[in-house]
Structures are given as C-alpha cells and as structure tokens.
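Nothing here was measured: the structure is a model prediction, and the numbers come from that model. Sequence lines set the chain letters: A, B, ... in the order given, protein chains first and strands last, and positions in each chain run from 1.
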Protein chains: 2
Amino acid sequence: MNRSSSHSGGRPQPATMKDVARVAGVALKTVSRVVNDEPGVSPPVRKKVKAVIAELGYRRNDNARVLRIGTTHSIGFICEDLGEPFVSQLIRAIESVSIENSSMLIVAATGGDLEREQEAVRALASRQVDGLIIAPTAHEQPYLGRELGNGLPVVFVDRPSLHHQVDAVLTDNHAGAQMATRQLLQYGHRRIAFFSNADQLFTQVERIDGYRQALSAEGAPFDEALVCSASGNPGATLASLQKMLALAEPVTAAITGDSLCTYALLRAFKAVGRHLPLIGFDDFPLADLLEPGISVIEQNPFDIGRVATQLLFRRIAGDTSPPQTIKLGTRLIQRGSGEVGLPINS
Amino acid sequence: MNRSSSHSGGRPQPATMKDVARVAGVALKTVSRVVNDEPGVSPPVRKKVKAVIAELGYRRNDNARVLRIGTTHSIGFICEDLGEPFVSQLIRAIESVSIENSSMLIVAATGGDLEREQEAVRALASRQVDGLIIAPTAHEQPYLGRELGNGLPVVFVDRPSLHHQVDAVLTDNHAGAQMATRQLLQYGHRRIAFFSNADQLFTQVERIDGYRQALSAEGAPFDEALVCSASGNPGATLASLQKMLALAEPVTAAITGDSLCTYALLRAFKAVGRHLPLIGFDDFPLADLLEPGISVIEQNPFDIGRVATQLLFRRIAGDTSPPQTIKLGTRLIQRGSGEVGLPINS
DNA sequence: CCATTCGCTGACAACGTTGTACGTTTTAAA
DNA sequence: TTTAAAACGTACAACGTTGTCAGCGAATGG
C-alpha cells in the first residue's frame, strides 16, 4: 500500500514510525528516539532518520503516544453558550494558561441543556482530558460523581457546584451588588429597582441578595415590586419599568443583573423618554459614549479563567489540598460625570 | 493494584475493559460488544456486564479506540485571538455544526504569531484531528503543504490562503465597502474618509479596495489624505480626523474598517465636538442607542463559521471536488433616521 | 590479553480498544 | 432424530507508540 505523502489519489495513509524505520533501515525504537530527541543515537543515524522523516512527511501520532504515556495534555471547557462575551474572555484566558502548560483546549457548549452538559462531560472524560473547567448550567451535576471518583480534576467557574466538593472560581457577586446599591443609596435613592433576567440563576440570585442586603443595612425597605426578573426580554422590561414608574412611590434608580438587562433597560428608558440613574452589572463597549455614560460593576472574566485554569493545572500536577472557592472582586466604574449621583427627580 | 473507582487515596487507575471482563467473568470482546451496543450478546450477560460497568465506574478510553478506528471525531480551529466578538461567533457556529457531526472542537490561539500558528497546526495534526479551520494570521502558510499533502482537510475562514489551493469562506468585503461608499456618495458626499486599523490585513485591504473602486465608479477622486490606517489607536484616529477636517476640501463622511475603528472614531467625534455621517464595518451592541444611531455594514460571522464547518465535514466525508471560495454577503443597516443621508455641513 | 564499561541499536511487550476468525451451544427446520 | 443455521462466546492480532531489556562492537582498564 502507498503510505507516502503526496502522490496518488484518495486519502493517502500517513506514514508511521514503522515506515520511517523501514525506509531508513533502522529499528522502530531508533526512530522513536530521534523523534523524541532522546540520547543514544549516533549523529549520522540521527541525520539519516530525520531525512527520511522529512521525505515521508512523517508526523508522530499523539493518540498512540497517549495510549502509552497516559496523559493527553488536553483540558476541557464546558459552558452554555460559546458566543457570550463573558465566555469569550474566559476561553481566551483558559486557552492561554493551557498553552503555557503545553495543553490544548477542547470546548463544548450545552445550550443550557443538562443532558448535553452530561454528554459533554462524558465525551471529554472518554477522551481522557487531564482536567475539566465547567461553567455549569444548573445547580446540580448528578453525573459528576463518577468523574470525580475516577480522579478527574474539575474546576467550576462563574457558578459553583452546590452538591459536590469541587474547586470554584467566582465573581463576588454579592459584594458587587452591595457596592452598586450602597452607591445609589448614598446619593439619596430609596426606590432602587433591580432588573434581572433569570431569578433562579446563581449569579443573579447572589446579586439580588447583595442588593437586598445592602438595602436593609441602610434601613431602606426591600420592595418586591421593584424587582423585575424577566429582563432578558425588552418588552417585559419596558412593561416593568412603566409599572415601577407608576407606583405610589415610584422607582428613582436601577441596577441591572447583566449587560443584556442593561441594554434592555436602556431601550426602555428611551421608550418612556426618561433616563434613571443606573448601575449595570458587566461593563460593555461604548458605555462611556452613551449620554449619559453608564456606570457599571465590572467583572473580570479573563482573571476568572486565568485563576481557574492555574488552579486546575495545580490539581493535575497532584495538588490534593481541600477544594477551595475563590471569589474575585468587582470594580465600580463611575461614568456620566456624576449622573449616578444626581438627586432624585433631576 | 486497585483499579476500582472511589476508595483509597492517590489518583485511582480508571477501570479498563479487561477489568470489567474479569469481574463479570466474560471475555474482553463481550464487554466491547456491550459497550458499543453491538448485537451478539444475550440479555442476561448484557445486563451483568452493564452492572459491572456501573460498579467499576468504567468509561471507554476513546484514545485507544481512535488508535483502532482511525478517526478522532474532532476538528481544530486556529485563530489569532479567541476573545474577539467576531471569533466568538465563529466558534459558536463551528462548535454547533461540529456537534451535529458528533465531533468535538479543539481551539488554539496564535496571538498573531506565525510561528505559534505553525505550532498549533502541527499539534492539531499530531492529535489526528479530522479537519482544520483556520482564520490565518498572515498571507502565507509555508508550513501547510505537509498537512495538505497528508490529506488533512483544511478550510480557511475570514481570510484566504494566497498560496495554497484550499477552501475558504469569506465575507464579501469588497462588495460591503462598495455598498457603504455608494450610499454615502448617493447622499452627495465626495470627501469620504476610510479609517482602517491595519492596511496590510486582507479584510482591510479588500474593504479599502472596494471603497476606492466605488469612488472611482462615481467619478469621485480617491485621496490618500482621507485614508487613516492606524485607527486601532484612538490617539492616532483623533489626529487623523483633525487633519482631515482641516484640509482645503475637508472630510464630510466616514467609513470605518471594523468595530474597533468605529469606537475610536466615535470617541474622536466626541473629542472634536462634531459628528460626521458614518458607516461602520461590523454591527455592535447599542449602535441604535447612540445619538445619532450608527449605520453599519453587518457581517455574519456565525454564518461564516457554519458554512465553513459544513464544508469541512463534506471534505472529511470524502468530497474531493476542487477547492472553492465562498463569499457571504453583507447587509447595510441604516440607523439614525437618515443621519447618514444628511446633506453636507448640516 | 581478558574483563569491564560504554555507546549505540534492536527485539519485544505493553497501553486499551476493536475486527476477524473460530469455537460452542441453542434453536428451527427437515 | 438429524442437520443446518443462528446465536452466543472466546482467543488473538492489530492500531502506533514508548519502556525495558538485551545484544553488539569498540574503547577502556587492569
């Protein structure tokens, strides 16, 4: 059979070490030594082998290698949607740290479906990834026990695992929301709305909780009527806003749970012809160019990814200290030259 | 040695088919048949084997499988920066089509370094990916010959390969820029600037070329002084803009080469206190909420990724028709209620 | 001159899986 | 009952690589 590189139709069979050995007239193991830069091969033989390798276009088959060696030098990343800006920065960081540790990155999206999440974990585990980074969809990962039991290192990002003792790297959502709320309270606001898009989502729950806690710490009443939890939908956001403005004690400021909510609320502001002081979770491009500029609580997805991946590689290297949860701080970026602090009704 | 799942310290050895066979008291191949749902195993035996699999937490080792079967069911994606919004949508599409074809996606970033690009191709090829999607950094891929010779299917996205006969899926940058230019010309503009961020980049070259061609088709002179090619840098953009405004025949409208340029130019507008009619390449969130709304030429990175990946899987399936270049159209999104069409100097 | 070391090379088994070939038992048809 | 075929089960070799060990000649030491 033709095992050479370029000529003849069909998909040519790539050359193997055996082929190289045969053509070079040496033993298989000698080729292996040359390929892996191992000592014990005389310069002339080494040169000859290298020439044949180039001639045949030989490339080492890492799958066979893995079978022998045991480690794949690859990690997996599982999330809901690879297209989100937050995830995009996560991936960038994960890949970058991964390459530093000479590993490759396999990504998988679940679309928020728990079954696909399980399927992804199964597939990645079958491929013998050295470790897994998961931005989980749900609170529970019933399928994860087997993998953890098999010793697969796993780090959660953005959201924790509630039922497994696993490393997690999260944003300090609670503190971030508190910071935003306190800021608005400090400028005299008492009727602060919270626009969230999914009130069962961990990050959103934490943020609403921080908001709530900051309110009560300042003696401001928490009002269910000032919480909108369908803010992914622009229509629902507008309706909510109108309702809140029509209250006996109308809303005077707002916090949004993520950038989609911020977008939706900004559109609602435009629709009602009125702009309220607003602090949004997540920074977004051009936030400073809008009139007024939008203040935000900035998370740092790149850092989350970086820290998580570094932790993962420590686990892969054998670190068996107890699982830890790392919370990364947020930053309040004030924009709009004090808009946030405008007195009520201005 | 302990090959069971959970107890005992250290990293436990995962169970193998051999272990399952031994514990279940059947032959290796019988376990293989059960695992792969092949016929030829009686229900009681099948049940017994499944029970042992669950008991030992056995999981098939796909690397060994690959060695036998030959196909890894994985594809690779190589780009400059995994964090770009454009790339993010590409990945989303590629992963999605990949999963439909029961393949996983391995991603690699090059940071624009040709050597790392080569390294990534080498690594992915060594891992025996079934195919490769590349958003190339440079015009040349000197290293690619070996892989193509070895029969590795490759599809380029966003930018073509100039020296290899390879499939490519691109945006019709030329037509998009022409469309934008014609639109501005139609409203009477003759002094249209082009703000690009890298004039040697394929996409930017194409766009400038389209712009240039549309100008000359309408008898409008092309003026080197109206082209800024360092527009990634906000400072340079501002300086350019000021220079263009100070010309004897000053600029009256602008086209930007990508969203970063758009951002930079918008900031420059703000800095000089003057807003020119603008059509930007690439849509961006909130473009409609700015005052005035920003018109854009919209590309569709998701479609590019989808089409490219579908093409790749056709190649993987054995399609040997000649390499093709697919250009996807753009769409002009008009915003700002006619701002684009405002007469000069309004 | 023999014994020992050293540098180089090769034969072979193993990694975990699947395809092939061939037994053995059960079932159905003659 | 006999015969054929189906159903079930097993043994073995291969996929491409690397670790182990042994062999060989030459150089070194006594």
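Residue B:K48 contributes atom NZ, which lies 19 Å from atom P of D:dC8 at whole-angstrom precision. Distance B:L28 CG to D:dA11 C1': 10 Å, rounded to the nearest Å. Here D:dA11 presents its C1' atom at 16 Å from CE of B:M17, a figure rounded to the nearest Å. Computed from coordinates, the A:R46 CZ to C:dG7 P distance equals 14 Å when rounded to whole Å. Atom-to-atom, CZ of A:R60 to P of D:dG16 comes out at 15 Å; the value is rounded to the nearest Å. Put simply, CD on A:E38 is 14 Å from P on C:dC8, counting in whole angstrom units. Rounding to whole angstrom units, NE2 of residue A:H73 and P of D:dT17 are separated by 16 Å. Atom P of nucleotide D:dG16 and atom CG of A:N63 are separated by 11 Å, given to the nearest angstrom.
The side chain of B:N36 contributes an N or O atom lying less than 4.0 Å from OP1 or OP2 of C:dT18. B:S32 has no side-chain polar atom (N or O) that falls below the 4.0 Å cut-off from OP1 or OP2 of C:dT17.
A:R33 contributes no side-chain N or O that forms a donor-acceptor pair with the base of D:dT18 under 3.5 Å.
Of the candidates C:dT9, D:dA11, D:dT17, the closest approach to any side-chain atom of B:A27 belongs to D:dA11. Of the candidate nucleotides D:dT17, C:dT17, D:dC8, D:dC8 has the atom lying nearest to any side-chain atom of B:S42. Of the candidate nucleotides D:dG16, D:dT10, D:dT17, D:dG16 has the atom lying nearest to any side-chain atom of A:L67. Closest to the side chain of A:K18, from the set D:dT17, D:dC15, D:dG19, is D:dC15. Checking D:dT17, C:dT9, C:dT17 against every side-chain atom of A:V41, the shortest atom distance belongs to C:dT9. Listed nucleotides C:dG10, D:dG16, C:dG19 differ in distance to A:T30; the shortest reach to its side chain belongs to C:dG10. Between C:dA11, D:dT17, C:dT18, one nucleotide has an atom nearer to the side chain of A:K29 than all others, and that is C:dA11. With distances taken from any side-chain atom of B:R68 to the nucleotides D:dG9, C:dT18, C:dG16, the minimum falls on C:dT18.
The backbone N or O of B:A135 lies less than 3.5 Å from no partner atom in the side chain of B:D158, so there is not a single donor-acceptor pair. A donor-acceptor contact shorter than 3.5 Å links the side chain of B:D81 to the backbone of B:G83. Without hydrogens or angle criteria, A:D113 side chain to A:E115 main chain gives a donor-acceptor distance under 3.5 Å. Although no hydrogens or angles enter the test, the distance criterion places a donor-acceptor pair under 3.5 Å between the side chain of B:R127 and the main chain of A:T72. Formation of a donor-acceptor pair under 3.5 Å by the A:E117 side chain with backbone atoms of A:G112 is not found in this model.
Residue contacts for A:Q128: at a heavy-atom cut-off of 4.0 Å it reaches no nucleic acid atom on any strand shown. Counting any heavy atom pair closer than 4.0 Å across all strands shown, B:V26 reaches sugar-phosphate atoms only and no base atom.
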Given salt bridge (charged side-chain N to carboxylate O under 4.0 Å, His left out), test B:R306 with B:E100 step by step and report yes or no.
CA-CA 11 Å; B:R306 190 172 49 76; B:E100 283 168 22; over 6 Å; no
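Nearest-nucleotide mapping onto DNA chain D: of B:V45 and B:I69, the residue sitting toward the 5' end is B:V45.
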